[in-house]
Amino acid sequence: MSQNPRVRFAPSPTGPLHIGGVRTALYNYLFAKKNNGKFILRIEDTDQQRYVERAEEYIIDALNWCGIPFDEGPGKEGGFGPYRQSERKENYFAFAKQLIDSGNAYYAFDTEEALEKQRQEHEAKGKTFIYNWHNRNKLDNSLTLDPAEVQKRLNAGEEHVIRFKSPADETLYLEDIIRGDMEVQTSVLDDKVLFKGDGMPTYHLANIVDDHLMEITHVIRGEEWLPSLALHKLLYRAFDWEAPQFAHLPLILKPVGKGKLSKRDGEKMGFPVFPLEWKDPKSGTISSGYREDGYLPEAVVNMLAFLGWNPGTEKEIYALEELIADFELKNVHKSGAKFDPDKTKWFQQQHLQLADESVLVAGLMEILNDKKIGSSQDYVRHVVQLLKERAVFISDLWESGWYFFERPTSYNEKSAKKAWKEGTGELMSKLSEVINKTEPFNAENLTHAVKGWIQESGLGFGKVMQPFRLSLVGAMEGPDVFEIAAAIGKEKTLERIRFAIESL
Ligand code: GLU
């Protein structure tokens with residue numbers, strides 16, 4: 001790449017960032033980091049009506065949690081700021097005016113009612129009304145009005161917009177890094193509003209102006225913006241600016257059925273569609289987030305990277321650094337990527353196994369603290385080592401291993417029925433004697449002693465081991481029973497057996 005790329009993630013703060021948005025940010029980040037470039041966050045908040053409080057903060061928190069921070073953006077000046085469009089609003093009119101002066105845009109005074117009337121009349125004839133070359137010469141705008149009349153109306157403060165004057169009949173050749181070459185006939189384009197009656201630019205104008213001023217080299221964004229590509233290319237041409245390269249990312253699709261992944265799919269099937277929990281400031285409703293549901297950011301990032309891209313090898317488990325090394329924009333798929341909640345869990349499980357042990361220890365310590373259970377770091381670490389392999393979430397360490405910290409006070413009924421028979425009590429008393437004699441008390445010695453005793457006495461293995469486990473755990477679960485006994489210690493092991501004999 002001749003020039004160090006500058007890419008931007010340009011969300012509108014209209015609510016929490018959907019995981020599709022996080023994926024767009026991630027691909028921008030990976031591309032920037034791979035090519036020694038800069039990743040910029042620009043907040044596109046020109047639509048005052050759709051502005052949602054705290055959404056910007058949420059976006060920034062989400063990027064930071066994922067470990068993909070921006071190089072330039074709100075609060076991180078990089079010489080191209082400000083990075084909120086609302087703080088740049090004075091800029092935009094001059095650019096709109098420039099297009100008027102060069103004959104690429106025009107003032108339009110048509111009222112909402114007049115346009116509605118046009119729509120209805122067209123519909124009655126079975127046609128669709130498009131404000132473009134086809135009928136702009138019959139409408140109320142500076143192309144049809146006398147210049148003096150236009151000036152008079154502007155001076156009088158008459159409400160108006162500024163529209164782009166799309167070419168009537170031209171074939172546009174568009175390029176997209178992911179999709180390849182495309183052709184668009186300008187005759188089907190409408191004359192989009194660039195500047196609104198409220199004195200604010202529309203998305204199209206502000207987006208192009210800022211991409212230019214911020215020296216963006218590659219626009220990497222969701223497929224939903226592909227229909228705007230022709231207009232954007234025409235705007236660059238009208239300004240006589242060099243256009244960036246474009247890459248439109250595939251849609252993220254529902255796990256089942258057709259269409260885009262939505263918040264409702266998550267609610268229905270029980271998975272988050274947001275990186276972090278979000279409390280709607282108006283309704284107060286809470287939407288779940290991956291962070292609060294116990295996912296590791298590494299797992300979420302890995303999963304998102306694979307929604308629309310893969311390295312073309314068998315390798316699936318990726319750390320962020322490895323993604324940066326292997327990611328190629330041109331290998332991103334054209335077709336939509338089906339979201340798979342089970343696969344997401346699988347990524348989580350894999351990354352939990354790879355996570356630094358201290359993360360798991362700290363996580364389990366926190367759970368114990370919340371429950372007011374005191375325990376030492378070393379003990380918790382030992383428990384983590386015994387349980388980690390089967391855990392998907394840190395919370396599983398508690399859910400599947402609480403008995404390392406508390407005595408069971410009840411027993412799984414089915415297991416008790418199966419494991420505890422006539423004579424089991426006496427057998428457990430004898431086992432207690434064997435345990436009591438085992439010194440030093442560790443898993444290895446205990447295994448040896450108990451297995452030896454079982455063999456010598458000609459007892460069935462399960463006859464002893466099942467009630468032994470039931471006594472310690474309360475159910476037929478958990479890692480090696482000798483490991484459990486060794487971890488909780490001789491005294492507690494004997495106490496639990498005694499308690500089981502009394503209760504069962
Ligand atoms: N503000 C647009 C959005 O919310 C940005 C689209 C683009 O990247 O051009 O997605």
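From a predicted model like this one, the values you see are computed outputs, not experimental measurements. Counting starts at 1 for both ligands and their atoms, in listed order.
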Quiz item: Is it true that the NZ or CZ of Lys343 lies under 6.0 Å from the centre of Phe347's six-membered ring and within 45 degrees of the ring axis?
Solution: yes

Quiz item: Is there a donor-acceptor contact under 3.5 Å linking the side chains of His160 and Arg153?
Solution: no

Quiz item: Within the distance-only criterion (no hydrogens, no angle test), does the side chain of Asn132 pair as donor or acceptor with the backbone N or O of Leu189 below 3.5 angstrom?
Solution: yes

Tabulation required: pairs of a nitrogen or oxygen in ligand 1 and a protein nitrogen or oxygen under 3.5 Å; columns are atom names and distance to 0.1 Å; otherwise 'none'.
{"residue": "ligand 1", "atom": "1 (N)", "partner": "Ala10", "partner atom": "O", "Å": "2.8"}
{"residue": "ligand 1", "atom": "1 (N)", "partner": "Ser12", "partner atom": "OG", "Å": "3.1"}
{"residue": "ligand 1", "atom": "1 (N)", "partner": "Glu44", "partner atom": "OE1", "Å": "2.6"}
{"residue": "ligand 1", "atom": "4 (O)", "partner": "Ser12", "partner atom": "N", "Å": "3.4"}
{"residue": "ligand 1", "atom": "4 (O)", "partner": "Ser12", "partner atom": "OG", "Å": "3.2"}
{"residue": "ligand 1", "atom": "8 (O)", "partner": "Arg8", "partner atom": "NH1", "Å": "2.7"}
{"residue": "ligand 1", "atom": "8 (O)", "partner": "Arg8", "partner atom": "NH2", "Å": "3.4"}
{"residue": "ligand 1", "atom": "9 (O)", "partner": "Arg8", "partner atom": "NH2", "Å": "3.0"}
{"residue": "ligand 1", "atom": "9 (O)", "partner": "Tyr203", "partner atom": "OH", "Å": "2.8"}
{"residue": "ligand 1", "atom": "9 (O)", "partner": "Asn207", "partner atom": "ND2", "Å": "3.1"}
{"residue": "ligand 1", "atom": "9 (O)", "partner": "Arg221", "partner atom": "NH1", "Å": "2.9"}
{"residue": "ligand 1", "atom": "10 (O)", "partner": "Trp225", "partner atom": "NE1", "Å": "3.4"}

Quiz item: With a 4.5 Å heavy-atom cut-off, do Tyr173 and Glu183 have their side chains touching?
Solution: yes

Quiz item: Is it true that Glu72 and Arg8 have a side-chain N and a carboxylate O under 4.0 angstrom from each other?
Solution: no

Quiz item: Got a sec, which residues hit side chain to side chain contact (heavy atoms under 4.5 Å, CB included) with Glu399, two or more places apart in sequence or on another chain?
Solution: Ser395, Asp396

